[in-house]
Amino acid sequence: MLGAARRQLGSAPMLGQVLRRLRPATSARAYSAAAKEMTVREALNSALDEEMSADPSVFLMGEEVGEYQGAYKITKGLLDKYGPDRVLDTPITEAGFTGIAVGAAYQGLRPVVEFMTFNFSMQAIDHIINSAAKSNYMSAGQINVPIVFRGPNGAAAGVGAQHSQCYAAWYAHVPGLKVLAPYSAEDARGLLKAAIRDPDPVVFLENELLYGESFPISAEVLDSSFSLPIGKAKVEREGKDVTIIAYSKMVGYALQAAEILSKEGISAEVINLRSIRPLDRAAINASVRKTNRLVTVEESFPQHGVGAEICMSVVEESFEYLDAPVERIAGADVPMPYAANLERMAVPQVDDIVRAAKRTCYRSVPMAATA
Amino acid sequence: MASFTAAAKFLAPVAAARSGGDSRAPPPPFPSASLRPRRKPAPSRLRTVLAVSSDVLSGNKSAPAAAAHSAVTREEALELYEDMVLGRIFEDMCAQMYYRGKMFGFVHLYNGQEAVSTGFIKQLNQADCVVSTYRDHVHALSKGVPARSVMAELFGKATGCCRGQGGSMHMFSAPHNLLGGFAFIGEGIPVATGAAFAAKYRHEVLKESGPDGLDVTLAFFGDGTCNNGQFFECLNMAQLWKLPIVFVVENNLWAIGMSHLRATSDPEIYKKGPAFGMPGVHVDGMDVLKVREVAKEAIERARRGEGPTLVECETYRFRGHSLADPDELRKPDEKSHYAARDPITALKKYIIEQNLATESELKSIEKKIDDVVEEAVEFADASPLPPRSQLLENVFSDPKGFGIGPDGKYRCEDPLFTQGTAQV
Ligand SMILES: Cc1ncc(C[n+]2csc(CCOP(=O)(O)OP(=O)(O)O)c2C)c(N)n1
Ligand SMILES: [Mg+2]
């Protein structure tokens, strides 16, 4: 019974090739007329497309960004449109091609480096930190490095310890880097455009599980001149009882938690950080001064993480406003397990956020598991 | 130098294997020598040899006729056959189980490449090591990890070879000296080189290894990985220190959707061995008997302490890169060309032609393996999920690594600790 489909070799992938040829070229205008909704994938793709078309010094490099149309199809159509001189398929050599991109940025080009996932940036981290982040300082401002490192970051599903990790805190630790983490399609478009136009190295942390999600999008956001300021957080939902601060996929969880809390009479304010470094301390503190309670949410490991930094900014600036201990929701302090049941325990769930918010409001809830 | 002489000796029998059925000359070592007048090849002390001429590189699509293999006994042939069939049936079952939602994430199957795993790993002893990649299920099986433990691992069950903590890309089994599936390109190569370093150290410093010589490590990795710096760094150190390792390149011509020829300035990978002073061999990776012959030589050479070998096996994967890959870039005629050279069919034909076994004997092996794999699925399916307590286990071998709690005791001593309810 279980052996039925055995010994079938290969598959029949011809359809895909045909479809690819029929695919319409991506362009900003393709969206502006009809769409009121846009996926994060389309947002990123259109931002790349528009910035490449606006500035010939912008080019893409990475594994499978060209002929394969991107491992997650973020660069779809760009090879056809801009050709192999500006959309470069690299061999699998992160240390090498990242260094090459940094060198090109020294010379005034604007590389956008795609890591197939940010996990693989570990093989290139020397160049991100030592060659990209520090050059402007070491050269006393003679050599700036206008480069973007982008790709999916954070926990994916079922891929085990090496492929499921968030690098926000890692890169946010480093002076000279800007670290962005979009949540919605608007974030993705506005922040990626800002990153590409920025004169400094930007680490741009996407999330694979958000690529296919659709968000409402305004005409202003669709305009090719649109961009978002780096370093500004966004209040996604206003509230008065507790502040929930999150980034990337966890913003969605925080919004769900806020919805549940509202049914129980707790009004939660949700802040989408957008930028991990610089950190919008003003927005964080303004909200905490209003609600007097704080829950931080991140997918990564707790220790020395983004939540810790947010908490410190509040301790330094608004300590006397706090009415309850700050709660930190983070991934479990373990490498990501493969088994689905353990994996679920290892990443934050909406319920964890709800419980933490209630604790800050002194509503009695059972002790939450760290997992 | 002694090692170079040894290398040349080693290569002689491989050259003989090539001349058996293939009259085409190997390509010159520097195909574009005229364009690069200043890069004259150094006087060759070390010869590289093609064990079979290459389909890709010569553009010749005719399958080479079976070369004269050194005699294989009935028992050996059947062992090879059984191992390859196990690899194939196991992987086909994985595809079914993946589509039924029994396993998840990235699942990279090995179909088509069985001759490499079988041809190499079946020449190893228990104490020898294997280091693999994310495409590691079949390497684990060849090394002797029971099919049920591999399947249970893929199902994320507590009975898996890593209790469900590793998953498809991370198979480990210490008793089998399977040192891991490594999911990042190139990272297994230094780890394998380190295992070989330890074997030499045990032998020379600790005087621990047996009379046969050094324990050998096989590092398996793909063509795409040969463009990663760790490959070159380790070729250098392995040869510098004469480590007992064989670098086994499974050149399946593609790295996801990146053709080897589009990614690599000089696509003849085996030639990179001599650049570091070690022998480089190219072998038809669809012919398990040829692979086995090259493997034997390279492994024995490592065991004798004569150093590493780089072996490029030209092979092909019959499925997409992973079960999530739409596989749109590989041409149908390329796929069918290699499908026609299925290594299992080829061995079957050889066994029958040489009267080593009958068709029905081979059928009964297939039946036996069918049962083994069915049983593996049933076992995996019936096995329990990992308990909650497992979440915090194994982060450290000494859980005191979790530190000291507010009560001044180690957190791991808290009775609630492994229930996952203690704050860590
Ligand atoms: C450092 C790193 N970069 C990128 C990847 C993504 N990736 C996984 S497999 C693969 C292709 C590998 O091709 P090859 O070495 O030929 O092995 P094959 O899959 O063909 O067996 C890539 C790019 C990775 N795993 N690690
Ligand atoms: Mg390959």
*Does any non-hydrogen side-chain atom of A:Tyr68 lie less than 4.5 Å from one of B:Leu329?*
yes
*Examine whether an atom of B:Met258 lies under 4.5 Å from a heavy atom of chain A, and if so say whether it belongs to the side chain, the backbone or both; otherwise answer neither.*
both
*Flag for A:Gln162-B:Glu187: side-chain donor and acceptor within less than 3.5 Å*: yes
*Under 4.5 Å, counting heavy-atom pairs only, tell me which of A:Met122, A:Glu63, A:Gln123, A:Glu94 racks up the most with chain B.*
A:Gln123
*Under 4.5 Å between any side-chain heavy atoms of A:Pro91 and B:Thr264, yes or no?*
no
*For B:Arg262, is it the side chain, the backbone, both, or neither that has a heavy atom closer than 4.5 Å to a heavy atom of chain A?*
side chain
*Any donor-acceptor pair under 3.5 Å from A:Glu67 side chain to B:Gly257 backbone*: no
*Side chains of B:Phe184 and A:His163: closer than 4.5 Å at any heavy-atom pair?*
yes
*asked:* Using a 4.5 angstrom heavy-atom cutoff, name the option from B:Asp325, B:Thr225, B:Val107 with the most pairs to chain A.
replied: B:Asp325
*Would you give the length of the straight line joining atom OH of A:Tyr338 to atom CD of B:Glu153, rounded to the nearest 0.5 angstrom?*
7.5 Å
*Tell me, side chain or backbone of B:Glu91 under 4.5 Å from chain A's heavy atoms, or both, or neither?*
neither
_Most chain A-contacting option - heavy-atom pairs closer than 4.5 Å, from B:Gly112, B:Gly186, B:Gly224_ = B:Gly224
*Calculate, to the nearest 0.5 Å, the distance between atoms CG and CG belonging to B:Leu385 and A:Leu342 respectively.*
8.0 Å
*Taking atom CG of B:Leu391 and atom CE of A:Met345, what is their separation to the nearest 0.5 Å?*
6.5 Å
*asked:* A side-chain contact here means heavy atoms from C-beta on lying under 4.5 Å apart; do B:Val395 and A:Asp333 qualify?
replied: no
*Check each atom of A:Asp89 against the heavy atoms of chain B and say whether the ones under 4.5 Å are side chain, backbone, both or neither.*
both
_Heavy-atom pairs under 4.5 Å with chain A - which of B:Lys157, B:Arg317, B:Met103, B:His170 has more of them than the others?_
B:His170
*Identify which part of B:Phe231 has an atom lying under 4.5 Å from any heavy atom of chain A, answering side chain, backbone, both or neither.*
neither
*Under 4.5 Å from any heavy atom of chain B - which part of A:Ala95*: neither
*Per-residue contact mode, B:Asn394 against chain A (heavy atom under 4.5 angstrom)*: neither
*Given a strict heavy-atom distance threshold of 4.5 Å, which part of A:Thr90 is in contact with chain B: side chain, backbone, both, or neither?*
backbone
*Mind listing the closest non-hydrogen atom pair of B:Pro386 and A:Ala339 along with its distance?*
CG-CB, 3.6 Å
*Inter-residue atom distance B:Phe221.CZ - A:Ile92.CD1, 0.5 Å rounding*: 12.0 Å
*Do you know which of B:Ala255, B:Gly105, B:Ser259, B:Cys226 has the most heavy-atom pairs under 4.5 Å to chain A?*
B:Gly105
